[in-house]
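Below is one structure; the comments refer to it alone.
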2 protein chains.
Amino acid sequence: MEKTYSIQEVSQLLQLPKDTLRYYDRMGIVSPSRKENRYRRYTKNDLIDLMNVQIMQYADFALEEIKGKFQFHRMEHISPADCQEVASFLDAKNAETRQKIEHLEKISQLLHTAAETLRDFNPESDQRLAETVREIYQSIRGKGPVHFEEGCNGHQD
Amino acid sequence: MEKTYSIQEVSQLLQLPKDTLRYYDRMGIVSPSRKENRYRRYTKNDLIDLMNVQIMQYADFALEEIKGKFQFHRMEHISPADCQEVASFLDAKNAETRQKIEHLEKISQLLHTAAETLRDFNPESDQRLAETVREIYQSIRGKGPVHFEEGCNGHQD
DNA sequence: AATAACATTGGAGTTAGCTCCAATGTCAAG
DNA sequence: CTTGACATTGGAGCTAACTCCAATGTTATT
C-alpha cells in the first residue's frame with residue numbers, strides 16, 4: 001500500500017488551505033479517494049496533481065483549463081496525439097503570455113514617463129507621455145478616433 | 001456655458017457601457033453634475049477623467065486606487081508636493097509591473113520548455129523543464145522545501 | 001465516557017467590476 | 001396626447017477562486 005496523506009498534511013506540505021483542497025475536490029480538479037469513514041486520503045499522484053495545479057495557477061491558467069490536462073504521470077501509455085494536443089494548448093497559452101508581457105511593457109513605459117514628467121516637467125517628456133498615452137488609448141478602443149480633446153495629464157494648461 | 005454630453009454620447013464616444021458609467025458615478029470614480037431633471041451631464045473634464053480611468057485600468061490599477069488621483073487638469077495650481085506624491089505612487093506601480101513582467105517571463109519560458117519537451121522528448125529539455133518548475137515552485141511557496149517526490153510532468157517513468 | 005482534535009457537508013459570503021432588470025420619470029415628434 | 005427613445009433608481013445576479021460557518025461525524029487520548 002502506498003503512503004497517503006490526510007488533508008491537513010497536504011495542506012501543510014503544499015501550503016494550501018484545507019478549504020481550498022476541498023474546493024478543488026468539489027470542482028473535480030483533484031479528487032482524492034476516501035477511506036470508509038469518508039475522510040480524504042491523498043496519494044503521491046494527487047500531490048503531484050496539486051503541485052501541477054499550483055504551477056498552472058502561477059502561469060495564469062484558469063482552474064477550468066487545468067481540469068484533466070497534465071496528468072501524464074497517471075497514464076500508462078502516452079499517445080503522441082495527446083502530447084501534440086497539449087503542446088498546442090501550451091503554445092497558445094504562451095502566445096497569450098507574450099501578449100500580456102508586451103502589454104505590461106507598455107504600461108511600464110507609461111508609468112516611467114508619467115513619473116518623469118511629474119518630477120521634472122519638460123516638453124520632451126510631456127510629448128513622449130502624450131504619445132504613449134495615445135498609443136495605448138488606441139489599442140484600448142479598437143479604433144474609432146477620439147476627436148475631441150485628448151489631453152490626459154493636464155499639463156496643457 | 002461649456003459643452004456637455006449625455007450618458008449615451010459619452011458611452012459612444014468612449015466605448016464604455018452606460019451601466020459602467022453609472023457604476024463609476026455610484027463609486028465616486030467619475031461623478032458628473034446633473035440637470036434639474038436628474039439627468040447626468042458630462043463635461044469635458046469628466047471625459048478626461050474617464051479616459052484617464054481607462055488608461056489606468058489598462059495599467060492594472062484598481063478603481064479604488066484611481067479614485068481622486070490624476071485630476072491635475074482640474075487644479076489651478078499644481079503643488080510640487082502633490083507631484084512628488086503621485087510620482088512615488090507611479091514608481092511603486094512600475095516596480096510592481098516590472099515584477100509581473102518577470103513573473104510572466106518565467107511562465108513563458110515554462111510554457112515553451114514544456115511544449116518542447118512534449119513535442120520531442122529528450123533528457124536536456126526534460127532537465128530544463130524540471131529546473132524551471134523547481135524555480136517557480138520555490139518562488140510560489142516562499143520557502144520550506146518539498147522533500148517528497150517533485151516530478152511534475154510525469155516523464156520520469 | 002468525556003474531551004479535544006481532527007474530519008465531513010451544504011450553503012452562504014467575499015471581492016472587483018461590471019451587467020442586467022423592472023419600475024418609473026422625462027422629453028421630443030407627430 | 002400618445003408613442004418611442006431616452007433617462008433615473010435600487011437591487012439582484014454574474015464570474016472566479018476562494019473563504020467561512022454551523023451542524024455533525026470520527027478518531028485518539030485521557
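Fair warning: this is a prediction, and the values are worked out from it, not measured in the lab. Order of the sequence lines fixes the chain letters, A, B, ..., with proteins taken first and strands second; residue numbering starts at 1 for each chain.
- For residues 56-66 of chain A, proximity to DNA chain C is found at no residue, defined as any non-hydrogen atom under 4.0 angstrom from a strand atom.
- Taking atom CE of residue B:Met27 and atom P of nucleotide C:dG17, one finds them 10 Å apart after rounding to whole Å.
- By the side-chain contact (heavy atoms from CB on, under 4.5 Å) test, B:Glu9 is found to be paired with B:Tyr5, B:Ser6, B:Arg41, residues two or more places apart in sequence or in another chain being considered.
- With hydrogens and angles disregarded, no donor-acceptor distance shorter than 3.5 Å links the side chain of B:Ser11 to the backbone of B:Ile7.
- In this view, A:Phe89 and A:Phe61 satisfy the ring pair (Phe, Tyr, Trp, His ring centres under 6.0 Å) rule, not counting sequence neighbours.
- For B:Glu36 and B:Thr20, each mapped to the nucleotide of DNA chain C holding its nearest heavy atom, the one lying further toward the 5' end belongs to B:Thr20.
- Qualifying side-chain contact (heavy atoms from CB on, under 4.5 Å) partners for B:Asp19, counting only residues two or more places apart in sequence or in other chains: B:Arg22.
- Qualifying side-chain contact (heavy atoms from CB on, under 4.5 Å) partners for B:Tyr39, counting only residues two or more places apart in sequence or in other chains: B:Lys35, B:Asn37.
- At the phosphate of D:dC20, neither OP1 nor OP2 sits under 4.0 Å from any side-chain N or O atom of A:Tyr23.
- Checked against side-chain hydrogen bond (donor to acceptor under 3.5 Å, both in side chains), B:Arg34 has the following partners two or more places apart in sequence or in another chain: B:Asp25.
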Which pairs, protein N/O on one side and nucleotides 22-24 of chain C N/O on the other, fall under 3.5 Å?
none

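- The side-chain hydrogen bond (donor to acceptor under 3.5 Å, both in side chains) search around B:Asn122 returns B:Ser125, not counting sequence neighbours.
- Scored by the side-chain contact (heavy atoms from CB on, under 4.5 Å) test, B:Glu102 finds no partners at all (sequence neighbours excluded).
- In this structure, A:Gln54 atom CD and D:dC18 atom C1' are separated by 14 Å, rounded to whole Å.
- Legend: residues meeting side-chain hydrogen bond (donor to acceptor under 3.5 Å, both in side chains) with B:Gln99, ordered by chain and number and at least two apart, are absent.
- If you take NZ of B:Lys35 and C1' of C:dA28, they are 12 Å apart, rounded to a whole angstrom.
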Could you run through nucleotides 7-13 of chain D and give me one letter per nucleotide, 5' to 3': B if any protein heavy atom sits under 4.0 Å from the base, S if only the sugar-phosphate is that close, - if neither? SBB-B--
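- For A:Glu64, the CD atom sits in a loose shell: 12 or fewer heavy atoms of surrounding residues, nucleotides or ligands are nearer than 6.0 Å.
- The ring pair (Phe, Tyr, Trp, His ring centres under 6.0 Å) search around A:His112 returns none, not counting sequence neighbours.
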